Amino acid sequence: MRAVAIDGSWESWRDAARGLLAEGALPGDVVFCDPTASGDLFSGPPLPVPAPTGVLKVPRRFLDEARYVAHHRSATRWGLLYRVLHRLTHGEAELLANGLDPDVHRLRALSKEVHRDAHKMHAFVRFRRVGGDDDAEAHYIAWHRPDHLIVPLVTPFFVGRFASMRWAILTPDRSVSWDGVTARFTDGVPRSAAPSGDELEELWRTYYASIFNPARLKVGHMRGEMPKKHWATLPEAALIPTLVHEASGRAAEMVKKSTSNGSAAAFVPEGASLEVLREASKRCRACPLHESATQTVFGEGLGGARVVLVGEQPGDEEDKQGHPFVGPAGKMLDKALAAAGIARSEVYVTNAVKHFKWRPMGKRRLHQKPDGGEIEACKPWLFAELRLVKPDLIVALGASAAQSLLGKTVTVARDRGQRLASPSGDVIVSYHPAAILRAPDDDARDAMFELLVEDLRLVRKVLAA
Ligand code: URA
């Protein structure tokens with residue numbers, strides 16, 4: 001067995017491996033000796049590193065994975081890397097494509113563990129200010145306990161982030177300090193060597209509380225992402241129980257705020273044409289419905305129509321296609337319009353709410369009635385459409401449209417078929433085509449359909465006048 005001395009760095013292994021390959025050394029004949037290994041893997045003093053020779057062609061993918069594996073704590077990593085490298089360069093060029101191969105499997109597993117550890121170090125290192133009151137004198141120290149030997153691997157990240165600060169990151173295995181120009185690596189230090197408690201902690205706590213989004217809270221995920229062993233060095237960890245406790249209340253408040261105080265007014269361009277409004281509506285974020293909808297479904301039809309039909313909100317099909325009343329309710333509406341002698345091309349069709357509100361039910365998206373806040377938030381779009389189309393008559397199909405146009409006091413059962421005054425013009429309230437589709441039986445469905453047609457005949461008269 002041949003013992004080869006390396007200094008524990010990726011670069012030293014890489015150079016040694018190139019020399020060994022050039023010499024034809026077989027993986028089974030070599031053991032790498034580094035200061036992080038236990039020391040009893042070989043007997044006798046390690047030999048000097050063979051000098052690298054020639055150009056070695058290895059897949060980029062191996063180098064990417066190997067660089068991470070080199071920072072793993074496993075004592076067998078160097079041997080694994082050399083074995084894989086040897087196989088890659090001795091007739092198994094496609095080896096890495098075989099995830100079932102034990103060496104490839106292990107390579108990937110180690111690489112993944114180091115990736116994860118590096119990600120956590122990027123996220124959980126917290127610097128504390130030490131030294132001089134003068135900012136020019138100040139420097140910053142962090143203590144962290146990574147699972148693997150990743151200090152050299154993550155150093156470029158911290159140098160990039162905090163290039164103008166003077167800082168040190170201490171870990172039990174290795175430390176690094178940055179003076180604004182050079183990164184220096186030194187031995188590891190115990191936890192007690194890092195100062196604790198300072199002005200930055202309070203600042204960080206306040207910042208964390210302000211960026212903490214209760215609506216996104218997933219406690220299990222948070223615990224997984226912020227393992228307990230890091231809590232001691234994270235000032236915000238002290239806040240977590242309180243924040244978790246308050247989260248549901250704060251989330252409800254956020255939803256309330258975003259639905260009842262939100263208004264599309266800020267998104268509606270002044271003096272715009274219908275086309276410009278339609279474009280602008282695509283960017284509306286006035287209420288949370290845009291988050292789960294595929295797209296905004298704006299009104300469509302004759303620009304100067306004498307009649308505007310207002311529905312509730314786009315349904316599943318409308319959401320996918322981006323046009324109002326094209327799904328089952330649209331077909332029912334077309335049937336009623338035809339029965340009343342009205343062509344769809346004669347009217348303008350829109351909705352009180354421009355995004356589809358739904359909840360998942362298995363693989364289906366189940367329609368959800370918009371609430372008062374969402375109807376209110378969307379009003380500026382509807383009113384802008386009505387100001388431009390200037391209809392003689394507006395038909396409110398169902399309760400949500402009636403609420404948007406006339407307020408909450410109107411009910412379909414009591415007020416349907418009557419001509420009511422609204423700030424946007426005269427309104428007739430009638431049944432929503434979807435309510436007809438949901439009727440409990442054929443008789444009820446036929447009766448509701450007849451009433452809708454009756455109301456639309458009034459519309460016919462307006463169009464004919
Ligand atoms: N229901 C509505 O209220 N509007 C549509 O566009 C489709 C279904």
Side-chain angles (χ1 to χ4, degrees), residues 264 274 277-278 281-282 284 287 289-290 292-302 305 307-338 342-359 361 364-379 381-386 389 391 394-406 408 410-413 415-416 424 427-439 445 448-449 451-453 455-456 459:
L274 274 175
L277 278 187
R278 177 172 295 112
S281 73
K282 291 178 185 166
C284 187
C287 78
L289 295 186
H290 71 273
S292 53
T294 309
Q295 55 192 316
T296 307
V297 180
F298 204 70
E300 284 181 358
L302 193 62
V307 172
V308 171
L309 308 182
V310 184
E312 180 185 73
Q313 62 168 347
D316 182 71
E317 202 50 48
E318 288 79 12
D319 173 74
K320 288 180 198 148
Q321 294 191 32
H323 304 289
F325 281 104
V326 289
K331 297 211 166 53
M332 175 59 79
L333 177 63
D334 286 344
K335 199 170 135 193
L337 286 171
I342 301 169
R344 178 101 166 230
S345 56
E346 290 177 277
V347 296
Y348 183 90
V349 180
T350 190
N351 283 299
V353 170
K354 308 289 195 251
H355 282 116
F356 178 35
K357 181 176 180 180
W358 58 279
R359 70 178 166 82
M361 167 77 99
R364 290 175 52 224
R365 303 192 298 170
L366 220 60
H367 162 273
Q368 294 270 276
K369 198 172 160 51
D371 66 26
E374 288 147 1
I375 293 174
E376 193 62 34
C378 218
K379 262 186 191 175
W381 292 118
L382 177 61
F383 288 6
E385 285 174 292
L386 292 171
V389 179
I394 305 163
V395 183
L397 298 165
S400 297
Q403 181 177 336
S404 181
L405 293 159
L406 297 157
K408 265 193 161 159
V410 176
T411 71
V412 180
D415 299 307
R416 66 145 281 281
S424 302
V427 178
I428 285 188
V429 179
S430 193
Y431 285 115
H432 192 290
I436 300 175
L437 289 170
R438 287 195 305 268
R445 188 171 308 114
M448 286 169 84
F449 181 77
L451 291 172
L452 173 60
V453 173
D455 298 336
L456 290 175
V459 172

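For ligands, and for the atoms within them, numbers begin at 1 and follow the listed sequence. This structure is a prediction, so every number in the text was calculated from the model and none was measured.
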Taking distance alone, with N or O pairs closer than 3.5 Å, would you say Phe325 contacts ligand 1? yes
If you have a sec, work out which protein heavy atom is nearest atom 4 (N) of ligand 1 and how many Å separate them, to one decimal? Asn351 OD1, 2.7 Å
How far is atom 2 (C) of ligand 1 from the closest protein heavy atom, and which atom is that? Gln313 O, 2.9 Å
Going by the order shown, which atoms of ligand 1 are within less than 4.0 Å of some heavy atom of [X]?
| X | answer |
| --- | --- |
| Gly311 | 3 (O) |
| Glu312 | 2 (C), 3 (O) |
| His432 | 1 (N), 2 (C), 3 (O) |

Test side chain to side chain contact (heavy atoms under 4.5 Å, CB included) applied to Phe325 and Thr350, Leu397, Leu309, the passing residue: Leu397
Which residue in the set Lys357, Glu374, Glu312 passes side chain to side chain contact (heavy atoms under 4.5 Å, CB included) when paired with Lys369? Glu312
Do His367 and Gln313 have side-chain atoms, one donor and one acceptor, less than 3.5 Å apart? yes
How about Leu451 and Ser430: do any of their side-chain heavy atoms sit closer than 4.5 Å? no
Passes side-chain contact (heavy atoms from CB on, under 4.5 Å), Tyr348 versus Leu274? Steps please. CA-CA 11 Å; Tyr348 183 90; Leu274 274 175; 3.7 Å; yes
